[in-house]
Amino acid sequence: MMGGTCKNSLFLKNLVSRINKNTQILRSISFGQNYGQASQDSKESWISKLLVRRIEPTKEPHSRMLSDKDIIYELQTHNIKPDSRVNYLNNYEKTVKLIESRKEDLNTELVGSWTVQVGDMDQVLNLWRHKGGFAGIDKANHILSTDKDYLSLEYERGGFLRSRHLQYLLTFSYWPQIEPRNGNNIYEIRSYSLKPGTMIEWGNNWARAINYRRNNAEAFAGFFSQIGRLYNVHHIWCYKDLHSRKETRESAWRLPGWDECVAYTVPLIREMHSRILYPTEFSPTK
């Protein structure tokens, strides 16, 4: 009997020990789940701070929600051979004059032409405005495709180039209207490659942010791409010189709210770069 009693006592002790261990394991699992949930909630709370608003599905094209103008802008990026700069500029000035002579038929005009001084060297940017939407562009392309003088200049220009790229752009409706500038100015084009699907969020943030950059009239133009490299944004700023650029940008950071707008847009960007531009002699905007 005594032997049986001892065995029963040992059995009970082992059983109690196992129950205690299982209880500890269950508590650990419960704690881990609660900790993980708290961590997830914290993460979602942090992410929610970066989102201005949730983008609801819509049958309206995003371009119509961001731009209300039936005007298309054409940004030509020409990478020229280092030894062909003068020849290229002479050729392009003749091209501009030819198009201006047929302005009424083409409904096309040059807004600005710039050489890149800081950034991608040996590069020229030409910005054109087309009225009448893409139908107007189709008409202008058809007319120029049969113009012998234009085709001759285009063929000659090909010998001065290393590469080229073209984008069709729309203006953001909340940016100031594009107006030619007088005097000696420099320009900065800040180009952003956005994550697909974030253009509306970008527009929502910059509709507020642009109000912090109106005091010195430095905002020249704001575009987003329609054809070419997609989810591209270009902001063009006008300054008197590099020093005034520095002071203007630093003054924006002293305004309450500017830092918040920047913080919200940073997560939307995949890549960005800046180029300093000088107007060409034949550029309408100086």
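No experiment lies behind these values; they were computed from the predicted model shown.
Between Y73 and F223, the ring-plane angle classifies as tilted under the 30° and 60° cut-offs. Under the 30°/60° scheme for interplanar angles, the aromatic rings of F172 and F224 are found to be tilted. By the 30° and 60° cut-offs, the orientation of the rings of H235 relative to W175 is tilted.
Rounding to the nearest 0.5 Å gives a distance of 7.5 Å between CG of L169 and CG of L127.
In this model, no donor atom of one side chain and acceptor atom of the other lie less than 3.5 Å apart for E179 and Q177. Under the 3.5 Å distance criterion, with hydrogens and angles disregarded, a donor-acceptor pair is assigned to the side chains of T285 and Y187. Defined by atom type and a distance below 3.5 Å, a donor-acceptor pair is present between the side-chain atoms of R275 and Q123. A donor-acceptor contact under 3.5 angstrom links the side chains of Q117 and T115, judged on distance only. Donor-acceptor pairing under 3.5 Å is lacking for the side chains of N184 and K286. When only modelled atom types and interatomic distance are considered, R208 and N211 share no side-chain donor-acceptor pair under 3.5 Å. Between the side chains of R157 and T95, at least one donor N or O lies within less than 3.5 Å of an accepting N or O. Side-chain contact annotation: N205 with T265, donor-acceptor N/O pair under 3.5 Å absent.
Between K94 and D149 no salt bridge is recorded (no basic side-chain N to carboxylate O distance below 4.0 Å). Between E188 and R190 there is a salt bridge, since at least one side-chain N of the basic residue sits less than 4.0 Å from a carboxylate O of the acidic one.
Residue W258 is grouped with residue M272 when hydrophobic side chains (ILVMFWY) are merged at heavy-atom distances under 4.5 angstrom, including chains of intermediate members. By the rule that hydrophobic residues join a cluster once side-chain heavy atoms approach within less than 4.5 Å of another member, Y192 and Y168 end up as members of one cluster. Under a hydrophobic clustering in which Ile, Leu, Val, Met, Phe, Trp and Tyr are joined whenever their side-chain heavy atoms come within less than 4.5 Å, directly or via other members, L125 and Y92 fall into different clusters.
The environment of D241 atom CG is dense: over 12 non-hydrogen atoms of other residues, nucleotides or ligands sit within 6.0 angstrom.
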Verdict with supporting geometry, F220 and W237, ring-ring contact (aromatic ring centres under 6.0 Å, His included):
CA-CA 5 Å; F220 179 74; W237 308 92; over 10 Å; no
Applying side-chain hydrogen bond (donor to acceptor under 3.5 Å, both in side chains), run through R229 and H165 and close with a yes or a no. CA-CA 9 Å; R229 296 189 182 100; H165 179 259; 3.2 Å; yes
